[in-house]
Amino acid sequence: MSERELPSAKILRGTENGIYRALYKSMGYATDDLQRPMIGIANSWNTLVPGHFNLNQVSEHVKWGIYRAGGTPVEFGVIGACDGVANGHDGMHFILPSREVICNSIEICVQAHRLDAIVLLASCDKIVPGMLMAAARLDIPAIMVHGGPMLGGVEFDGRKSDLTSIDEALGMFRAGKVSLKEFSALEDLACPSCGSCAFLGTANTMCCLTEALGMALPGSALIPATHSDRLRAARATGIAICNLVEKNVSSRKIINQKSLENAIRVCMGISGSTNAVLHLSAIAYEAEAPVDILETFEKFNRTTPHIAKVNPASKWNMEDFWKAGGIPRVMERLMPLLHGDAMTCTGETVQDNLESYNYFFPENPDVVKTMEDPFGHMGGIAVLRGNLAPDSGISKPGAIDPALYQFSGKARVFDSEEAANAAILNRNIQEGDVVVIRYEGPKGGPGMREMYKAMKYLYGLGLNKSTALITDGRFSGTNNGCFVGHVSPEAAEGGPIAIVKDGDEISIDVEKGTLHLNVSNEEIKERFKGWKPPEPKFKRGYLELYSRLASSAAEGAVIKSRSS
């Protein structure tokens, strides 16, 4: 990129711009520093989120790479909240809405300071997609580098433990399956290092899909947080962003229909988190890409095999997935279904990157299989529709026992997550029940909380293979069992889930993609005559604003502009 094209040059070059140079020089920058491309580092480091705890160290290596390649790094902070800490209480209302704040704050900082490019540092659930949304909106050269996954903990229930093992163990303790001593020990042993959680939840799913989009260096998504290669990848990212500035490769040359379709294929192939549907929809919206994410998930589900199996779908954790070849191995196997000519942040295409990629560990067919011999011939995420979800519902067949792909049962209805959790722990849910949790959507929640604990408690009580759960809220990527989330329209907007009653029969068919309330249309219409929209749960602050402006889950739960 020539000097006159750099946004920073317009405020840092020329005699009339001495005031701006003086402000930078007050912080120790030299004249030479201000003649280089100004590369922003959006760093969500904090000591609240384990996945971000090491990002200050990662950032130092990014800066090293940037300066080495001829740029000047300028760093600013970005908020980041931990889903694990926020889960199961009012804090979770704020987690999904934080995505829009992250996106907006990065846009503000980049535009106000006329930065030439951006390196995005994040590892966790809403922070990664929020940053990718900002990159897509800004359309400047951009790359993401992650902090890396956490290591697995002490073995528990047949696999290395992780954060979610503690909630599973709580259900087991309540059911008398484990002792208090065994339960308490997990608190110290399940999370042995910093990093994004050791399972394929939303955090690691979005890190994987960042790489699949071409927005992170090949092989970088799954390097463990404690591994030295994580720092080498950070330095390489600093060099790569300067290369993108020189070649004028902006983010929308990478985030477009081809790369989004590649990311959806990879998400299907690894059975990633259902939240990926929300986040890819939001990223596509910001990129103004001509692709219907929901429709593409629905179409690709029938043509994409499930070739990688990681916790919660198996005993293998993220370190095992990394050693098995990670996303390069998955994309190599899925290449006949991918756009090999899609541009990436290396300045090369997907095909070029894979042809030159060097694997450090041997293959592990128990983790990553081939298209010819997959774990399943159906993709890992399914879109369901029916009279209970006219717009859509999202399920995850990759984490469901095939025996539960068809499930019918009697509804047990709860108007909040807390009410459902209490009923489950009090042993009030029986085999054959379909737990319905409503008024937890983007507007009604507000913020579309995760029903993570409900599913973990059912697992711990031994009910995960004999019950189902549906909700207009979301699920954690670590959940397994028969579940359908993102039910749209949501209850607060008058979706059919609002008029379900205890004892109604509900039928779920994951293979056929249907979710049906076995009640006549006449009865549904009659019930709606007595239904009224609920009062907003928050009357002021950001959540009041979000509850008014958020789109439906079927549209990514984004705050749309008036022109959209």
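Each residue takes its place number in the sequence, starting with 1.
Although no hydrogens or angles enter the test, the distance criterion places a donor-acceptor pair under 3.5 Å between the side chain of Glu490 and the main chain of Gly444. Between the side chain of Asn479 and the backbone N or O of Tyr452 there is at least one donor-acceptor pair closer than 3.5 Å. Without hydrogens or angle criteria, Asp502 side chain to Val413 main chain gives a donor-acceptor distance under 3.5 Å. Without hydrogens or angle criteria, Tyr405 side chain to Cys482 main chain gives no donor-acceptor distance under 3.5 Å. Between the side chain of His89 and the backbone N or O of Ala86, at least one donor-acceptor pair lies under 3.5 Å. With hydrogens and angles ignored, the 3.5 Å screen pairs no side-chain donor or acceptor of Tyr285 with any backbone N or O of Val558. Although no hydrogens or angles enter the test, the distance criterion places a donor-acceptor pair under 3.5 Å between the side chain of Asp509 and the main chain of Lys512. Counting only distance, with no hydrogens or angles, the side chain of Ser552 and the backbone of Ala554 share a donor-acceptor pair below 3.5 Å.
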Inset, instruction - Any chance you could lay out the side-chain hydrogen bond (donor to acceptor under 3.5 Å, both in side chains) test for Asn464 and Tyr457, step after step, and finish with the verdict? - result: CA-CA 9 Å; Asn464 59 309; Tyr457 294 158; over 6 Å; no

Inset, instruction - Show your reasoning for whether side chain to side chain contact (heavy atoms under 4.5 Å, CB included) applies to Asp90 and Lys537. - result: CA-CA 11 Å; Asp90 281 350; Lys537 295 176 184 175; over 6 Å; no

Inset, instruction - Give the C-alpha distance, both sets of side-chain angles, the deciding distance and a yes or no for salt bridge (Lys or Arg N to Asp or Glu O under 4.0 Å) between Lys529 and Glu526. - result: CA-CA 5 Å; Lys529 290 179 181 178; Glu526 187 65 29; 3.3 Å; yes

Inset, instruction - Show the numbers, then the answer: is there a side chain to side chain contact (heavy atoms under 4.5 Å, CB included) between His516 and Ile508? - result: CA-CA 7 Å; His516 200 74; Ile508 302 166; over 6 Å; no

Legend entry - Asp504 and Arg412: CA distance, side-chain angles, deciding distance, side chain to side chain contact (heavy atoms under 4.5 Å, CB included) verdict: CA-CA 8 Å; Asp504 287 346; Arg412 290 295 311 281; over 6 Å; no

Inset, instruction - Begin with the C-alpha distance, continue with both residues' side-chain angles, and end with the deciding distance and a verdict on side-chain hydrogen bond (donor to acceptor under 3.5 Å, both in side chains) for Asn518 and Ser507. - result: CA-CA 7 Å; Asn518 297 319; Ser507 296; 2.9 Å; yes

Inset, instruction - Report the C-alpha distance between Lys315 and Asp320 in whole Å, list the side-chain angles of each, state the deciding distance to 0.1 Å, and finish with yes or no for salt bridge (Lys or Arg N to Asp or Glu O under 4.0 Å). - result: CA-CA 10 Å; Lys315 68 176 184 178; Asp320 300 315; over 6 Å; no

Legend entry - Glu298 and Arg385: CA distance, side-chain angles, deciding distance, salt bridge (Lys or Arg N to Asp or Glu O under 4.0 Å) verdict: CA-CA 10 Å; Glu298 195 169 13; Arg385 302 181 195 271; 2.9 Å; yes

Legend entry - Residues Phe414, Arg438; criterion side chain to side chain contact (heavy atoms under 4.5 Å, CB included); working and verdict: CA-CA 6 Å; Phe414 303 93; Arg438 62 191 179 192; over 6 Å; no

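The heavy-atom pair separating Val436 from Ala411 by the smallest distance is CG2-CB, 4.1 Å. Of all non-hydrogen atoms in Ala135 and Met215, the two that sit nearest each other are CB-CE, 4.1 Å. Ile497 approaches Asp472 most closely through the heavy-atom pair CD1-N, 4.0 Å. For Ala498 against Ala491, the heavy-atom pair with the smallest separation is CB-O, 3.7 Å. A pairwise comparison of heavy atoms in Thr471 and Ile437 identifies OG1-O, 2.7 Å as the closest pair. Minimum heavy-atom separation, Ala550 to Pro442: CB-CB, 4.2 Å.
In this structure, OG in Ser259 is found 9.0 Å from NE2 in His339, a value given to the nearest 0.5 Å. Atom CD1 of Ile166 is separated from atom CG of Leu186 by 6.0 Å, given to the nearest 0.5 angstrom. To the nearest 0.5 Å, the span separating CE on Met448 from CD1 on Ile95 amounts to 14.5 Å. Between the CD atom in Glu431 and the OG atom in Ser466 there is a gap of 4.0 Å [rounded to 0.5 Å]. Separation of atoms CG (Asp366) and CH2 (Trp316) is listed at 5.5 Å; rounding is to 0.5 Å. Atoms CD1 and NZ, from Ile264 and Lys299 in turn, are 9.0 Å apart once rounded to the nearest 0.5 Å.
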Please report, to 0.1 Å, the donor-acceptor pairs under 3.5 Å made by any side chain of residues 195-202, with sequence neighbours excluded.
{"from": "Ser196", "atom 1": "OG", "to": "Gly148", "atom 2": "O", "distance (Å)": "3.3"}
{"from": "Ser196", "atom 1": "OG", "to": "Asn204", "atom 2": "OD1", "distance (Å)": "2.8"}
{"from": "Thr202", "atom 1": "OG1", "to": "Ser273", "atom 2": "OG", "distance (Å)": "2.8"}
{"from": "Thr202", "atom 1": "OG1", "to": "Asn275", "atom 2": "ND2", "distance (Å)": "2.7"}

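Salt bridge Lys160/Glu155: absent, no basic N to carboxylate O contact under 4.0 Å. Salt bridge present: Lys126 and Asp83 bring a charged side-chain N and a carboxylate O closer than 4.0 Å. Ion pairing between Arg159 and Glu168 holds under the 4.0 Å rule for side-chain N and carboxylate O. A salt bridge links Arg449 with Glu418: the closest approach of a Lys/Arg side-chain nitrogen to an acidic carboxylate oxygen falls below 4.0 angstrom. Residues Arg527 and Glu523 are paired through a salt bridge, judged by an N-O separation under 4.0 Å between the basic side chain and the carboxylate. With respect to the salt-bridge test (charged N to carboxylate O, under 4.0 angstrom), the residues Arg252 and Glu288 qualify.
The closest side-chain heavy-atom distance from Asn301 to Ile381 is not below 4.5 Å. Between Glu544 and Pro446 there is no side-chain heavy-atom pair separated by less than 4.5 Å.
Relative orientation of the His306 and Phe375 rings is tilted, given thresholds of 30° and 60° on the angle between their planes. Ring geometry, Phe528 versus Trp531: the interplanar angle exceeds 60°, so the pair is classed perpendicular (tilted spans 30 to 60°).
Residues His377 and Arg302 have side chains that never bring a donor and an acceptor to within less than 3.5 angstrom of each other.
Between Phe538 and His93, the ring center distance clears the sub-6.0 Å criterion.
Scanning for side chain to side chain contact (heavy atoms under 4.5 Å, CB included) contacts around Pro50 gives Cys82, Met150, with sequence neighbours left out.
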